Visitor: 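Right, I'll just put the structure down here and ask away after.
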There are 2 protein chains.
Amino acid sequence: MSIRELAAQTGVSISTVSRVFNLPDKVNADTRAHVLQMAQAMGYLPNGSARSLRTQRSRVIGVVLPTLLNPVFAECLDGIAQAASDAGYAILPMTTNYQLAQEEQAVQQLFASNVDGLVLVVSNPATCSALQRLRTAGLPYVLAYNRHVDHPCVSVDSELAVRQVVARLVALGHRRITLISGKLAASDRAQQRQRGFFAGMAEHGLDGSQWLEVPFVETAVTEITALLQGSQRPTALVCSNDLIAIRSIRAATLAGLRVPQDISITGFDGIALGEDLTPMLSTVTQPNADIGRCSVKLLLQAFADGVPPAPSASLLLEQGFRTGESCAPAPLP
Amino acid sequence: MSIRELAAQTGVSISTVSRVFNLPDKVNADTRAHVLQMAQAMGYLPNGSARSLRTQRSRVIGVVLPTLLNPVFAECLDGIAQAASDAGYAILPMTTNYQLAQEEQAVQQLFASNVDGLVLVVSNPATCSALQRLRTAGLPYVLAYNRHVDHPCVSVDSELAVRQVVARLVALGHRRITLISGKLAASDRAQQRQRGFFAGMAEHGLDGSQWLEVPFVETAVTEITALLQGSQRPTALVCSNDLIAIRSIRAATLAGLRVPQDISITGFDGIALGEDLTPMLSTVTQPNADIGRCSVKLLLQAFADGVPPAPSASLLLEQGFRTGESCAPAPLP
DNA sequence: CTGTTAGCGCGTTCAA
DNA sequence: TTGAACGCGCTAACAG
């Protein structure tokens with residue numbers, strides 16, 4: 001079913017049919033109605049490939065994410081999909097498993113797919129060569145969750161958020177607080193959160209040297225459990241994401257500790273599931289779907305302007321804190 | 001950067017360049033190397049739209065899912081993405097929020113996007129008119145999780161799995177067992193699991209009339225909590241998915257019950273996260289990523305055969321049971 | 001093994 | 001307001 005057949009059946013020219021779909025105002029109301037009716041009847045749909053080839057725009061937004069297995073990115077993708085769909089764009093997602101090589105490859109593939117722009121979450125914007133390629137190619141892109149002065153980003157102030165978490169714990173009487181961080185090399189967010197932890201501990205004159213680095217993907221319950229032995233064990237764990245917090249709760253329980261009576265645990269991300277857990281996760285909440293939606297909006301604005309989003313267009317959204325049930329006053333010594 | 005420019009720069013014809021990328025064997029090794037080298041240098045990438053227009057194949061697989069916010073579908077999408085990517089296909093996902101109207105709309109959009117085929121999870125294959133459209137259009141599709149004799153499906157035997165769950169609980173001494181089901185109208189899986197529950201209870205001469213229907217998306221903790229009051233409360237809950245099981249654990253705790261000492265709770269899906277919970281979720285495990293991968297494989301096979309997957313090609317994968325920690329012998333009366 | 005050529009379906013000039 | 005004609009970048013059939 002091509003535009004030609006429809007034109008022939010309708011008794012108008014190809015260009016009239018084309019105009020009906022692209023510049024409806026420029027066509028007589030009666031002919032327009034007629035064409036639309038015939039299109040409906042014949043099940044005509046404009047061919048996307050031909051359209052993209054002709055206009056050099058695909059109406060597709062590429063998406064690069066570390067993984068879908070962490071709900072935080074699934075929630076974000078959901079927001080991206082909504083905003084894109086609302087604007088008549090399709091999305092083409094790829095995952096990288098936090099691996100630099102896969103980031104490169106994903107960008108490469110999306111490049112070849114003629115995406116109009118990209119939303120991506122990379123390990124580290126500072127060292128991501130794929131971003132250079134995008135920039136020199138003039139392909140619009142927006143980073144989500146990442147934060148870097150040289151790139152357009154939609155994120156929250158992770159560092160501040162973790163400093164505030166530390167302050168909360170201190171206010172609850174905790175002194176021995178340990179950071180459970182995701183792999184720093186694989187995530188600038190983990191780095192920011194670590195900085196927030198160090199800053200927060202320093203602000204309160206506490207020893208911030210206790211911290212553990214664990215993988216994002218595999219569980220590290222045994223390592224965390226080991227940390228929780230002995231009388232000088234921490235009374236609170238600050239985890240750099242919700243998944244790690246969930247694993248830490250398990251580790252604590254396996255170590256014979258009760259959460260939150262014996263040990264307090266905080267997360268970061270605000271995944272929806274955390275609210276249904278027992279104990280409900282105490283965590284920094286990010287507007288994950290909104291981060292996705294805003295990233296797409298920035299991209300759409302850039303399409304309209306005809307110029308890639310500038311680093312200065314970066315958005316810092318508000319984070320929050322869900323009190324939850326995994327934090328309590330420090331146990332008496 | 002078009003094939004023409006590359007050909008000119010390299011000093012060969014455009015068809016030679018084309019062959020280098022599509023039929024590498026049919027081109028002299030030296031010229032091939034030369035072309036590839038130049039392509040690399042000039043940053044040439046074949047234009048996907050032109051390719052699709054010419055070949056009438058987009059190398060894109062459409063994906064229709066209820067939601068990404070349930071990890072079971074995120075895990076499945078991950079499998080789909082892997083298998084598709086391995087075969088050089090991109091994916092174009094859409095979510096429906098368990099709504100019939102959105103299913104129709106998603107299929108419509110994917111239609112217009114010239115996808116080569118679809119993997120979909122629909123509410124109910126028996127009543128899904130979008131599937132008819134796909135079939136009459138001759139567009140290859142595979143259903144994931146759904147199960148129906150008239151359609152090619154990749155699924156597990158939900159009914160059997162739930163019957164076995166009931167048997168396990170009975171073996172643990174439980175008699176008062178209640179089903180917490182997702183909305184039956186929104187999911188044939190929920191229906192199958194309900195049938196499994198009824199059958200399982202009947203097999204053991206137990207009263208299977210106790211069951212509650214709850215939403216998939218919003219939490220229904222209060223309704224579940226209400227169910228757990230009184231001395232005739234159930235000693236075990238069979239939940240029709242893991243998310244509902246997690247909410248049920250919370251409901252039980254809020255009702256003052258300990259899981260599993262006072263009440264046993266089972267899930268269904270085997271989301272990865274369930275393994276990190278405390279108590280670890282006792283649940284029917286499905287090979288979610290594999291369900292996605294197999295669906296894609298069926299589709300790829302169909303592409304190769306030049307004919308849509310037949311209902312008889314349906315695959316029934318093995319489910320399992322993770323013992324977990326949310327089940328225990330029934331408390332003494 | 002390589003080159004020439006004809007469209008794939010469409011949007012967009014330019015004329016009428 | 002409408003139509004005719006061109007070409008987007010590519011693959012495939014055919015010719016050499």
Side-chain angles (χ1 to χ4, degrees), chain A residues 1-36 38-39 42-60 88 90 109-116 137 139 303 306, chain B residues 1-39 42-60 88 90 111-116 137 303 306:
Chain A
M1 177 73 303
S2 81
I3 196 174
R4 194 175 356 255
E5 295 175 58
L6 176 57
Q9 289 295 321
T10 317
V12 298
S13 75
I14 292 177
S15 16
T16 297
V17 175
S18 175
R19 275 189 285 261
V20 166
F21 287 93
N22 298 294
L23 308 161
D25 313 333
K26 313 218 94 189
V27 79
N28 182 295
D30 292 344
T31 36
R32 191 198 316 149
H34 187 202
V35 170
L36 284 174
M38 285 299 286
M42 303 177 63
Y44 168 76
L45 286 175
N47 181 304
S49 309
R51 227 174 192 172
S52 319
L53 178 58
R54 179 60 233 235
T55 60
Q56 308 285 35
R57 302 181 307 116
S58 59
R59 296 195 79 79
V60 173
Q109 279 199 42
L110 293 173
F111 235 114
S113 301
N114 295 100
V115 295
D116 291 345
L139 194 55
F303 297 161
Chain B
M1 178 73 301
S2 80
I3 196 174
R4 199 179 347 259
E5 295 176 57
L6 176 58
Q9 288 295 321
T10 316
V12 298
S13 74
I14 56 173
S15 25
T16 298
V17 175
S18 175
R19 275 190 284 260
V20 166
F21 287 93
N22 297 294
L23 307 160
D25 313 333
K26 313 217 94 189
V27 90
N28 182 294
D30 292 343
T31 36
R32 191 199 314 149
H34 187 203
V35 170
L36 284 174
Q37 183 198 327
M38 286 300 285
M42 303 178 62
Y44 167 78
L45 286 175
N47 181 304
S49 309
R51 225 174 197 173
S52 314
L53 178 58
R54 178 61 234 229
T55 59
Q56 308 286 37
R57 303 181 304 119
S58 60
R59 296 194 79 80
V60 173
F111 235 116
S113 301
N114 296 102
V115 296
D116 291 345
F303 297 160

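Throughout, a chain's letter reflects where its sequence line sits, starting with A, and its residues are numbered from 1. Atoms considered below: every heavy atom in the structure, side chains included; atoms not considered: hydrogens, waters and symmetry mates. Being a predicted model, the structure only gives us computed values, none of them experimental.
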Visitor: OP1 or OP2 of dT2(D) versus the side-chain N and O atoms of S13(A): is any pair under 4.0 Å?
Guide: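 Answer no for this pair, as no side-chain N or O of S13(A) is under 4.0 Å from OP1 or OP2.
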
Visitor: For T31(A) and dT2(D), is the shortest distance between a side-chain N/O and OP1 or OP2 below 4.0 Å?
Guide: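 Checking dT2(D) against T31(A), a side-chain N or O does come within under 4.0 Å of OP1 or OP2.
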
Visitor: If you round to the nearest 0.5 Å, how far is CD1 of I3(B) from OG1 of T10(B)?
Guide: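 Answer rounded to 0.5 Å: 10.0 Å.
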
Visitor: Would a distance-only check, ignoring hydrogens and angles, find a side-chain to backbone donor-acceptor pair under 3.5 Å from S113(A) to Q109(A)?
Guide: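 Pair found, side chain donor or acceptor close to backbone of Q109(A).
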
Visitor: For K26(A), does its backbone N or O pair with a side-chain atom of R19(A) as donor and acceptor, under 3.5 Å?
Guide: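 Not a single qualifying donor-acceptor pair exists.
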
Visitor: Give a yes-or-no answer on whether the side chains of N114(A) and R51(B) include a donor-acceptor pair shorter than 3.5 Å.
Guide: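 Their side chains do not contain a donor-acceptor pair, so the 3.5 Å distance test is not met.
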
Visitor: Expressed in angstrom and rounded to an integer, what is the separation of D25(A) atom CG from dT2(D) atom P?
Guide: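 It works out to 13 Å between those atoms.
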
Visitor: List the protein contact pattern of nucleotides 5-16 of chain D with one symbol per nucleotide (5' to 3'): B for base contact, S for sugar-phosphate-only contact, - for none; contact means a heavy-atom distance under 4.0 Å.
Guide: --BBBBBB----

Visitor: Just by distance, no angles: are the side chains of R54(B) and N47(B) close enough, under 3.5 Å, to form a donor-acceptor pair?
Guide: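 There is no such pair between these side chains.
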
